[in-house]
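Okay, structure first, notes after.
Each chain gets a letter, A, B and so on, in the order its sequence line appears, and its residues count up from 1.
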Amino acid sequence: GDSVTQMEGPVTLSEEAFLTINCTYTATGYPSLFWYVQYPGEGLQLLLKATKADDKGSNKGFEATYRKETTSFHLEKGSVQVSDSAVYFCALSGLGTGFQKLVFGTGTRLLVSP
Amino acid sequence: SQTIHQWPATLVQPVGSPLSLECTVEGTSNPNLYWYRQAAGRGLQLLFYSVGIGQISSEVPQNLSASRPQDRQFILSSKKLLLSDSGFYLCAWSVPPGNNEQFFGPGTRLTVL
């Protein structure tokens, strides 16, 4: 079945450092791909998404490119801030009409220190 | 605009007690609705989803159940809680079909003692 694999956390960075959180997937066909962010004590918020190969999703300085050849959707940010500290989830959504189910990775915790 | 509410925000319950968590969505009609659980230090586990009133699909066998008595209301229940039911419960909705982005509520922190 469909699955998502994320790098283990926590990822600990200093403010203004470059961030990469790896995400690879296994799926039939070409699913849509998502990054969600969860701040402490809150629900998940959609950070960015890409719906087809070579699409780049971007938001709040974060970017991720849908790479079909490597089945990856790595999250990057050029300069992280303390406020970016959160848990980041990679997810995919299968194809088809009607009900759409998201498959999530286990999440990667990011800790940014001043 | 659409909003999603969950209550209570936090709950502490003894083992063996019943549970009822509620989720409501405003500003949309006939949404797909979802219940997830997030155990400490773990990812999201889809528990139930619903594509319409009275239509519930279970993803994981367990002592929890879900109901959808109204179009925009989704309830998670248990007759007798277990210690392993502790976790962060998230409700989500999406627009069917063709839009697979999900929108999450603020969550309920459940502690079973």
Could you check if a side-chain atom of A:Leu75 sits within less than 4.5 angstrom of a side-chain atom of A:Cys90, using non-hydrogen atoms only? no
Identify which of A:Ala91, A:Gly9, A:Gly43, A:Gly107 forms the greatest number of heavy-atom pairs closer than 4.5 Å to chain B. A:Gly43
With only heavy atoms counted, which part of A:Leu46 is less than 4.5 Å from chain B, the side chain, the backbone, both or neither? side chain
Turns out that what part of B:Gln45 lies under 4.5 Å from chain A's heavy atoms comes down to neither
Any side-chain heavy-atom pair from B:His5 and B:Thr3 closer than 4.5 angstrom? yes
Hey, are A:Lys49 and A:Asp55 close enough for a salt bridge, meaning a charged N less than 4.0 Å from a carboxylate O? no
Region of A:Gln45 in contact with chain B, defined by heavy-atom distances below 4.5 Å: neither
Cluster question for you: counting only ILVMFWY and a side-chain heavy-atom cut-off of under 4.5 Å, with indirect links fine, are B:Leu76 and B:Trp7 together? no
